[in-house]
Amino acid sequence: MGFHKQSFIKGAAILAIAGIISKVLGAIYRIPLGRIIGSEGMAYYQTAYELYILMLTISAYSIPIAISKLVSEKIELGRRDEAHKTFKVALSMIGFLGITLSALLFFNAQSFVNTVKNPGAYLAVLCVAPAIFTVSLSGAFRGYFQGMQNMTPSGLSQVTEQIARVVFGFILAIVFLPIGYEAAAGGAVFGTTIGGLASFLTLIYIY
């Protein structure tokens with residue numbers, strides 16, 4: 001575990017560039033994906049993805065900011081050991097919450113898709129549910145690194161996540177398309193799960 005402090009401008013630039021790359025990849029991705037899996041497949045994909053975002057909002061979106069703030073405060077006081085302990089406690093809490101929400105979505109997928117009146121999205125929901133856990137953990141690591149004023153891991157993991165999501169999403173959608181649109185949508189959205197895992201492994205390696 002190393003500590004590398006970056007200037008605010010450099011750190012902000014890294015996050016901005018990573019954010020732009022991620023947004024561009026995400027935007028470009030949906031156009032050819034729609035042509036591959038059609039409007040029916042995209043309807044299944046969109047339902048699963050929206051449920052994933054809902055769960056992720058509960059488990060991960062605000063926590064990295066909180067971790068970053070707490071870690072940064074400890075670092076400013078020269079208490080790096082305490083900063084690391086704070087991170088580990090937060091990581092455990094986020095991991096528990098993430099895996100709980102992943103399990104909730106996975107084991108209640110049928111109920112969720114029936115509620116939104118799109119039962120064909122069942123397989124896609126199953127495929128995206130594990131991503132909540134890994135993406136939540138990635139958020140905790142990003143918060144830690146940002147608190148240490150090192151933005152490179154966050155930026156790199158964002159780009160890695162999007163590239164894996166796009167590449168594997170396309171491949172799996174094409175592979176499973178002969179089985180049907182439900183399977184193709186499941187394959188496409190499983191790219192999100194693989195992307196989350198790629199991001200997490202990238203951050204673990206850097207850590």
Side-chain angles (χ1 to χ4, degrees), residues 1-7 9-33 36 45 48-50 52-53 55-57 59-68 71 84 87-88 90-91 94-95 97-99 101-102 105 124 127-176 185-207:
M1 181 185 62
F3 174 68
H4 177 61
K5 186 174 180 179
Q6 294 174 331
S7 70
I9 294 175
K10 182 179 179 182
I14 289 171
L15 289 182
I17 292 169
I20 291 169
I21 293 172
S22 297
K23 292 290 184 184
V24 169
L25 285 173
I28 293 174
Y29 172 63
R30 289 186 176 243
I31 298 171
L33 180 64
I36 293 170
Y45 175 94
Y49 196 76
E50 286 175 359
Y52 158 73
I53 292 296
M55 292 293 183
L56 199 62
T57 301
S59 69
Y61 276 0
S62 60
I63 293 175
I65 298 171
I67 293 175
S68 177
V71 168
H84 192 232
F87 162 66
K88 288 197 291 184
L91 182 65
I94 292 174
L97 181 59
I99 200 167
L101 291 173
S102 280
L105 185 59
C127 289
V128 81
I132 300 165
F133 176 57
T134 52
V135 173
S136 296
L137 291 177
S138 293
F141 275 97
R142 287 171 183 165
Y144 172 69
F145 282 118
Q146 289 172 24
M148 300 285 277
Q149 298 183 40
N150 184 2
M151 307 302 171
T152 302
S154 294
L156 185 61
S157 67
Q158 283 182 44
V159 174
T160 302
E161 179 178 347
Q162 283 296 331
I163 290 173
R165 177 190 168 207
V166 169
V167 171
F168 284 98
F170 278 141
I171 291 172
L172 293 173
I174 293 168
V175 167
F176 290 112
V189 82
F190 193 65
T192 300
T193 296
I194 296 175
L197 180 61
S199 170
F200 175 61
L201 293 176
T202 299
L203 289 161
I204 282 284
Y205 177 77
I206 296 171
Y207 178 79

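Counting from 1, the numbers follow the sequence of the chain as shown.
Atom-to-atom distance recorded for L197:CG and L137:CG is 10.5 Å, nearest 0.5 angstrom. Once rounded to the nearest 0.5 Å, the distance linking CD of Q146 with CD1 of I67 reads 10.0 Å. In this structure, CD1 in I53 is found 8.0 Å from OG1 in T192, a value given to the nearest 0.5 Å. Here the OG1-CD1 distance, from T134 to I204, works out to 11.5 Å after rounding to the nearest 0.5 Å. Atoms OG and CG, on S199 and L156 in that order, are 9.0 Å from each other to the nearest 0.5 Å. Considering CZ of R165 and CZ of F190, their distance stands at 14.0 Å, rounded to 0.5 Å.
A pairwise comparison of heavy atoms in S102 and A129 identifies OG-O, 2.7 Å as the closest pair. In plain terms, the two heavy atoms of T202 and S157 that are nearest each other are CG2-CA, 4.3 Å. Scanning all heavy atoms of the two residues, the minimum distance from I36 to A173 falls at CG2-CB, 4.3 Å. When every heavy atom of G196 is checked against every heavy atom of E161, the shortest pair comes out as N-CG, 4.1 Å. When all heavy atoms of F133 and G95 are compared, the closest pair comes out as CE1-O, 3.4 Å. Summarising the geometry of M55 relative to L101, their closest heavy-atom pair is O-CD1, 3.6 Å, with the distance given to 0.1 Å.
For Y52 and Y49, the ring centers are positioned less than 6.0 Å apart.
Ring-plane geometry between Y144 and H84 is classed as tilted, the angle between the planes lying from 30 to 60 degrees on a 0 to 90 degree scale. Taking the six-membered ring for Trp and thresholds of 30 and 60 degrees, F141 and Y207 have ring planes more than 60 degrees apart, a perpendicular arrangement.
Distance alone, capped at 3.5 Å, is enough to place a donor-acceptor pair between the S136 side chain and the I132 backbone. Of the possible polar contacts, one joining the S138 side chain to the F200 backbone as a donor-acceptor pair under 3.5 Å is found.
I206 is not listed as a side-chain neighbour of T152, based on a closest heavy-atom distance of 4.5 Å or more.
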